[in-house]
Amino acid sequence: MTLPLPPREIRIRRRVLDKLLLYAERCPVEIGGLGTVVEDAEGLLITDLFLLAQKVSASDTELDADALFEFLGRVVAEGGDVASVRVWWHSHADMDLIWSETDCATIGSLPGDFWVALLVNRRGEILCRLDAFAPRRQTWELPLVEVVEEERGDLEALQAAIDREILEKVRAYVVVHDVIGSEGIAGTVAEYPVPLTLEPTRSRHDPGDARQRK
């Protein structure tokens, strides 16, 4: 990254912001994924977001390692730049937004000189931060600014596509602590798959209303 640090803001394309908010709104549990960012004369611009295959619970998300390598391989095969994959996003479902220890540890383990991280919930709230790892580790909370550079498009069609993607890629489960013995002293932890039911459709809103715009 050649920009002066810290930048004033992180920009995101309108359609990409719509995707982020719909991913969070439609899924009742935590989910997450990756995204691409480019550096131009105005700073950093988030150009797309992607949902990867993953296993989720009410409060945990685990990306599938094979899906991650497959995604990166697809980027290369399609002539993309793997170095542009510098966005990590994560939904906290209905919870308030705060960077958890797990979130911070995940960001800190990502490879590369910098990462943009987005935290979102079903109320449409978003946190944005930039972590630079070289020449030394620094973190900044930054405003996320919507770039209105195209027509919004058909939000109902986008929602339908995201619903299909969630049902295809997200495996939900519950964690159960099974008690063993009459004294209930020892126990085992088991994971049980559960059907993933998407949230009812809400009245369509303008995701950009609460965001800064350009």
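Numbering starts at 1 and runs along the sequence shown.
Summarising the geometry of Leu198 relative to Pro28, their closest heavy-atom pair is CA-CD, 4.4 Å, with the distance given to 0.1 Å. Between Ile31 and Leu51, the closest heavy-atom pair is CD1-CD1, 4.0 Å. Taking every heavy atom of both residues into account, Arg123 and Asp94 meet most closely at NH1-O, 3.1 Å. Residues Ala93 and Glu30 come closest through the heavy atom pair CB-N, 4.1 Å. Smallest separation of non-hydrogen atoms from Ile126 and Leu97: N-CD1, 3.6 Å.
Residue Leu5 qualifies as enclosed at atom CG: its count of foreign heavy atoms under 6.0 Å is above 12. Within 6.0 Å of CD on Glu141 lie more than 12 heavy atoms contributed by other residues, nucleotides or ligands.
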Report the C-alpha distance between Val147 and Arg14 in whole Å, list the side-chain angles of each, state the deciding distance to 0.1 Å, and finish with yes or no for side chain to side chain contact (heavy atoms under 4.5 Å, CB included). CA-CA 6 Å; Val147 176; Arg14 162 182 271 187; over 6 Å; no

Candidate pair Ile12 and Leu45, rule side chain to side chain contact (heavy atoms under 4.5 Å, CB included), full reasoning: CA-CA 5 Å; Ile12 185 170; Leu45 172 66; 5.6 Å; no

Test log, rule side chain to side chain contact (heavy atoms under 4.5 Å, CB included), inputs Phe71 and Leu34: CA-CA 10 Å; Phe71 166 72; Leu34 300 176; 4.1 Å; yes

Side chain to side chain contact (heavy atoms under 4.5 Å, CB included) assessment of Leu167 paired with Val170: CA-CA 6 Å; Leu167 291 174; Val170 177; over 6 Å; no

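Between Glu125 and Val120, every side-chain heavy-atom pair lies at or beyond the 4.5 Å cut-off. Val29 places a side-chain heavy atom less than 4.5 Å from the side chain of Leu196. Using a 4.5 Å cut-off on side-chain heavy atoms (C-beta onward), Trp88 and Val116 make no contact. Ile107 is not listed as a side-chain neighbour of Thr139, based on a closest heavy-atom distance of 4.5 Å or more. Annotation: side chain of Ile10 is not in contact with side chain of Pro143 (no heavy-atom distance under 4.5 Å). Val82 is listed as a side-chain neighbour of Val76, based on a closest heavy-atom distance under 4.5 Å. Contact of the Leu52 side chain with the Lys169 side chain is not registered, since no non-hydrogen atoms from C-beta on lie closer than 4.5 Å. Within the 4.5 Å cutoff, the side chain of Glu9 has no heavy atoms near those of the Leu144 side chain.
Using modelled atom types, one side-chain atom of Gln54 and one backbone atom of Gly32 make a donor-acceptor pair closer than 3.5 Å. Under a 3.5 Å cut-off, the side chain of Lys55 and the backbone N or O of Tyr173 do not form any donor-acceptor pair.
Note that CH2 of Trp140 is 12.5 Å distant from SG of Cys128, once rounded to the nearest 0.5 Å. Between the OG atom of Ser100 and the CE atom of Met95 there is a distance of 8.0 Å, given to the nearest 0.5 Å. Residue Glu25 holds its CD atom at 9.5 Å from CD1 of Ile162, rounded to the nearest 0.5 Å. Interatomic distance, CD of Glu165 versus NZ of Lys19, reported as 6.5 Å (0.5 Å rounding). Taking CG of Asp131 as the reference point, atom CG of Leu110 lies at 8.5 Å (rounded to 0.5 Å). Separating the CG atom in Leu118 from the CG atom in Leu49 is a distance of 6.5 Å, to the nearest 0.5 Å.
Taking the centre of each ring, Phe114 and Phe133 stay at or above the 6.0 Å mark.
Residues Thr106 and Asp103 bring no donor and acceptor atom of their side chains to less than 3.5 Å of each other. For Thr36 and Asp48, the side-chain atoms include no donor-acceptor pair closer than 3.5 Å.
Ring-plane geometry between His92 and His90 is classed as perpendicular, the angle between the planes exceeding 60 degrees on a 0 to 90 degree scale with a lower cut at 30. Note: Trp89 and Tyr23 have parallel aromatic rings, judged against thresholds of 30 and 60 degrees for the angle between ring planes.
Two different hydrophobic clusters hold Ile98 and Leu127 under the rule that ILVMFWY side chains link at heavy-atom gaps under 4.5 Å.
Seen from the ring of Trp99, Arg129 counts as a face-on cation partner, given the 6.0 Å and 45° thresholds.
A side chain to side chain contact (heavy atoms under 4.5 Å, CB included) with Arg11 is found for one member of Leu44, Val16, Thr47, Asp40 and no other, namely Asp40.
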